[in-house]
Amino acid sequence: MSTTEPRLARGMRDLLPDAMRRRQRVVDTLRRLFETYGFEPLETPAVELSTTLLGKYGPDAERLIYRAGLGDEADLALRYDLTVPLARVWSGNDIPRPFRRYQIAPVWRGERPQRGRYREFVQADVDIVGAPGMLADAEILTIVTAGLDALGFTGYRLKLNNRRLLNGLGRYAGVPEAVLPGLYRAIDKLDKVGLEGVRLELRSVGLPGELLNRQRQAVGRWVRGQADRDRLARDLAAAVGDAEPAGVAERGLPAFLDALADFPNGGGDDARAAEAAAAEAAAAAMTASVDCLRGLYPVDRLIPDAVTDRLLDLLQLRDGSRALLAALGTRLDDAEAAVGIAQLSEVLDALDAAGVPADRYEIDFAMVRGLDYYTGTIFETVVETPPIGSIQGGGRYDNLLARFGKPAPAVGTSFGVDRLVDVMEALGLFPAEAGAAAADVVVAVFDAVTAPGAVGLAADLRRAGIRTELYLSADRLGDQIRYALERRASVVAVIGPDEAAAGTVVLRDLGARSQAAVDRAGAVDGVRAILGARRSGG
RNA sequence: GAGAUCAUAGCUCAGUCGGCAGAGCGUCUGAUUGUGGAUCAGAAGGUCGCGGGUUCGAGCCCCGCUGGUCUCCCCA
């Protein structure tokens, strides 16, 4: 007989009972919350027409869309998120506005799996369609904080920004339209790489990303002492091998090797100090490399150093407070930025009115978000430990619904349920014992003659709403008790020949290590008494 | 999509110079035909990820592939 390997497709996971219970706990909490805020459930298919999804997310996201289909139906795709399907539903149905809907369902992305990154994962979305005002944005943000609070998060950082403010920032920089995405991407890294890191990123915009990426990796190996001079030269030669224009390889490689000669290979004794020194050396080496490359590429594709200085100057203002908005307004002096700032302060007012504590969120105009469809308010929550990225993200997307023929403003968010579970696990936010037992009572089966009595007892307990497992063979009683202990049940109920003859049931209290016989008619109450005592006793 | 690194029993891993495939935990059986997670005794469990190469001989060396993990990219 040929067997099939029990393997999973890449990036896919099974959720065994313990993991599934944790996910359900998160999902149940969010669903209850969403309903408390008056949101209605919606379900859409996993499979959409490719045309529904394509062209909505931007080029980076688009290549991650799972294409599916059967031969002549190959124009199908698995949904990438729950927002675009919502837009399709809105336009394809007659729904009164505002439409407040929630949807908790898996989505698929063809990513390279990593910690906290799966190809199939569950999103919990809440969105409001048809409400143009900032009250709607604040409503969504209130749910975000309430959700994170309800799940037990404490020091999270919910960052708030506005796309129109960002547009003003772009104009302030005064660079060509084509350079803007690179600029946004660079400043988005502020939290991760710091001010000098952003400088490097800004000065890298317009340079070939793949070349820089491979250079960074080669330099990392070199300064950490993982590569000798020959290896470094080989890595770098490979990195510049495909670079455009062709002259880069000839002129850039020697210059870069030269520049790098100043930086030491290998670290000291103390691992942490060595790591810090290596990071510093790598940054300096990359700065030298970028200097060298900027001389080789056309100036009109690069961000001028004067602009970089101006932007970095501006980024230093970032203090997360409300006063920041006024400061930004005067500095940017731009009509669209002014709209973004006004919207942000309206949102803040509404959050205050809703009683959301000010320490739950902060303004961060260096927070960008990658998806193309956002138009106004944007926000996301990032956790630092574990370093898993964002656990929640969302914003306003006033132009997306028009793409399906029925324009309407909309705002919403999605929680990354699987990342929430991962983070909560790492932070110990799940109660240790909660829900671990699948059943409170195990009904033992003594022999074939008494089995029907056991089956009947289990049925009675279940009718009373008590979680009951019927043992399914007549093993030795010791085995059945050991099994019940493994299952974390609280009670074993036994009807053997003696009990059957006497019309009784032996109820063994596993916690108290004691047992007593009760009348068969009083068995349910007897179990309740033990479970009740256990529960109140802690 | 780029790079690094790893892959030995169900799990965690050891395996020296290229020379008989190992340990702990778990599982199963028994000690024990009506009662506690222990203990003791025993057993099962392997294509050393897959395919090729070098060699008298490969878990170990070389090449390719697949998969996991990590760093980028991007995101939840």
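Here is the naming used below: chain letters follow the sequence lines, and residue numbers restart at 1 for every chain. Side chains included, hydrogens not; waters and symmetry mates left out as well; all remaining heavy atoms used.
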Could you check whether [X] gets within reach of a base, just the sugar-phosphate, or nothing at all, counting any heavy atom under 4.0 Å?
| X | result |
| --- | --- |
| A:Leu510 | base |
| A:Arg513 | base |
| A:Asp418 | nothing |
| A:Arg508 | base |
| A:Glu111 | base |
| A:Tyr118 | base |
| A:Arg369 | sugar-phosphate |
| A:Ile391 | sugar-phosphate |
| A:Asp509 | base |

Item to check | A:Arg163 to A:Tyr374, cation-pi by 6.0 Å centre distance and 45° axis angle | outcome: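 Judged by the rule, A:Arg163 and A:Tyr374 form no cation-pi pair.
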Item to check | Pairing of A:Arg109 and A:Asp81 as salt bridge, 4.0 angstrom limit | outcome: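 Here A:Arg109 does not pair with A:Asp81 in a salt bridge, since their nearest N and O are not under 4.0 Å apart.
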Next on the checklist: Between A:Asp422 and A:Arg419 (salt bridge meaning N to carboxylate O under 4.0 Å), is one present in this structure?
Outcome noted: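 Salt bridge between A:Asp422 and A:Arg419, a charged N being under 4.0 Å from a carboxylate O: no.
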Options [options], nucleotide nearest the side-chain atoms of [X]:
| X | options | result |
| --- | --- | --- |
| A:Val494 | B:G34, B:G37, B:C75 | B:G34 |
| A:Leu477 | B:G34, B:G37, B:C73 | B:G34 |
| A:Gln114 | B:G34, B:U69, B:U71 | B:U71 |
| A:Ser414 | B:A76, B:U33, B:G36 | B:A76 |
| A:Arg419 | B:G34, B:C75, B:C73 | B:C75 |
| A:Ile481 | B:C73, B:U69, B:G36 | B:G36 |
| A:Arg476 | B:U32, B:A76, B:G37 | B:U32 |
| A:Gln123 | B:A76, B:U35, B:U33 | B:A76 |

Item to check | Paired nucleotide for B:A2 [Watson-Crick or G-U wobble; both distances under 3.5 Å] | outcome: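 Paired with B:A2, as far as the under-3.5 Å criterion goes, is B:U71.
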Next on the checklist: Counting only Watson-Crick pairs (N1-N3 plus N6-O4 or O6-N4) and G-U wobbles (N1-O2, O6-N3), all under 3.5 Å, who is the partner of B:A43?
Outcome noted: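 Its partner is B:U27 (Watson-Crick or G-U wobble, both distances under 3.5 Å).
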Checklist entry - Is a side-chain donor or acceptor of A:Arg117 paired with a backbone partner of A:Gly11 at a separation under 3.5 angstrom? => result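 The answer is no, because no donor-acceptor pair under 3.5 Å joins these two groups.
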Next on the checklist: Treating A:Arg360 as the side-chain partner and A:Leu158 as the backbone partner, does any N or O pair qualify as donor plus acceptor under 3.5 Å?
Outcome noted: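 The answer is no, because no donor-acceptor pair under 3.5 Å joins these two groups.
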Rounding to a whole Å, what distance do you find between [X]:[atom1] and [N]:[atom2]?
| X | N | atom1 | atom2 | value |
| --- | --- | --- | --- | --- |
| A:Met424 | B:A76 | CE | P | 20 Å |
| A:Tyr373 | B:A76 | OH | C1' | 11 Å |
| A:Leu207 | B:A2 | CG | P | 21 Å |

Item to check | Whichever of A:Thr381 and A:Asn213 has its nearest RNA chain B nucleotide further upstream toward 5' | outcome: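 First, find each residue's nearest nucleotide; the 5'-ward one identifies A:Asn213.
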Checklist entry - For A:Gly370 and A:Gly11, take the nucleotide of RNA chain B holding the closest heavy atom to each; which residue's nucleotide lies nearer the 5' end? => result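 Final value for this comparison: A:Gly11.
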Does the base of [N] carry an N or O that pairs as donor and acceptor with the side chain of [X] under 3.5 Å?
| X | N | result |
| --- | --- | --- |
| A:Arg112 | B:G3 | yes |
| A:Arg109 | B:A76 | yes |
| A:Arg216 | B:C73 | no |
| A:Glu499 | B:G34 | yes |

Checklist entry - Of A:Thr83, A:Asp127, A:Thr377, which meets side chain to side chain donor-acceptor pair (under 3.5 Å) against A:Tyr397? => result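 Only match with A:Tyr397 under side chain to side chain donor-acceptor pair (under 3.5 Å): A:Asp127.
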Give me the distance, rounded to whole Å, that separates [N] from [M] when you measure between the [atom1] atoms they each carry.
| N | M | atom1 | answer |
| --- | --- | --- | --- |
| B:G51 | B:C28 | C1' | 35 Å |
| B:G37 | B:U32 | P | 15 Å |
| B:U66 | B:C17 | P | 32 Å |
| B:C20 | B:U16 | P | 11 Å |
| B:C13 | B:C6 | P | 14 Å |
| B:A7 | B:A14 | C1' | 15 Å |
| B:G18 | B:A58 | P | 14 Å |

Checklist entry - Hey, is the side chain of A:Lys189 poking within less than 4.0 Å of OP1 or OP2 on B:C72, counting only N and O atoms? => result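 Answer no for this pair, as no side-chain N or O of A:Lys189 is under 4.0 Å from OP1 or OP2.
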Next on the checklist: Working note: A:Tyr184 + A:Asp188, criterion side-chain hydrogen bond (donor to acceptor under 3.5 Å, both in side chains); need CA distance, chi angles, decisive distance, verdict.
Outcome noted: CA-CA 6 Å; A:Tyr184 292 146; A:Asp188 193 31; over 6 Å; no
Item to check | Residues A:Glu380, A:Arg369; criterion salt bridge (Lys or Arg N to Asp or Glu O under 4.0 Å); working and verdict | outcome: CA-CA 8 Å; A:Glu380 71 179 15; A:Arg369 298 204 45 77; 2.8 Å; yes
